[in-house]
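Structure first, commentary second.
These numbers come from the heavy atoms of this one structure, side chains and all, not from hydrogens, waters or symmetry mates. Numbering starts at 1 and runs along the sequence shown.
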Amino acid sequence: MEVEYTLTEDGMIQFECTDADGKVYGVADTIVNGMIDDTLVIDMETLDEIEDSELFKRIVTARAVYMYDSYAVQEALKELTYNKQND
């Protein structure tokens, strides 16, 4: 699964995940106090929420590995945390 960081907005970090079969999924993580509080995964073609637990797990795992290795995502997390503390 290929993961790309796309946007930070309204206390959320968003990603686009492309599966081996070409299907694209959107992931939006709500960040509270520097931690992921909630995660939404949607099929970008149908805009349906992903409820298949195995697919959800694969997508979230790929996103987690990407987040760990991405300097840009780590900086976005720091900025979200800093901005919330100074609001």
Checklist entry - CD/E51 to CG/D43 distance, rounded to the nearest 0.5 angstrom? => result 12.0 Å

Next on the checklist: Main chain of Y66, side chain of S70: is a donor-acceptor contact present, judged purely on distance under 3.5 Å?
Outcome noted: no

Checklist entry - With distance as the sole test, does T6 use its side chain to make a donor-acceptor pair with the main-chain N or O of Q14 at under 3.5 Å? => result yes

Item to check | Least distance between heavy atoms, M67 atom then L77 atom | outcome: CE-CD1, 3.9 Å

Checklist entry - Within the distance-only criterion (no hydrogens, no angle test), does the side chain of N33 pair as donor or acceptor with the backbone N or O of M35 below 3.5 angstrom? => result no

Checklist entry - What's the shortest heavy-atom distance between D19 and R58, and which atoms? => result OD2-NH2, 2.6 Å

Item to check | Matching residue for L80 among V32, I13, D10 - test: side chain to side chain contact (heavy atoms under 4.5 Å, CB included) | outcome: I13

Item to check | Other residues, nucleotides, ligands: >12 heavy atoms within 6.0 Å of E2 CD | outcome: no

Item to check | T39 versus D29, side-chain donor and acceptor atoms under 3.5 Å | outcome: yes

Item to check | Residue pair I59 / F15, side-chain heavy-atom distance below 4.5 Å | outcome: no

Checklist entry - Taking side chain as C-beta onward, heavy atoms only, is E79 less than 4.5 Å from T8? => result no

Checklist entry - Same cluster or not: are Y25 and L47 linked, directly or through other Ile, Leu, Val, Met, Phe, Trp or Tyr residues, by side-chain heavy atoms under 4.5 angstrom apart? => result no

Item to check | Nearest atoms (heavy-atom pairs only) where L7 meets Y5 | outcome: O-CE1, 3.7 Å

Item to check | Side chains of E49 and L40 in contact at under 4.5 Å (non-hydrogen atoms) | outcome: yes

Next on the checklist: When you compare the side chain of V24 with that of E16, does any pair of heavy atoms fall below 4.5 Å?
Outcome noted: yes

Next on the checklist: Out of the candidates V41, V65, I50, only one should pair with V60 under the side chain to side chain contact (heavy atoms under 4.5 Å, CB included) rule; please name it.
Outcome noted: V41

Checklist outcome for this item: Scanning both residues in full, the closest heavy-atom pair of R63 with V3 reads N-CG2, 4.1 Å

Checklist entry - Shortest non-hydrogen contact from M1 to C17? => result SD-CB, 3.7 Å

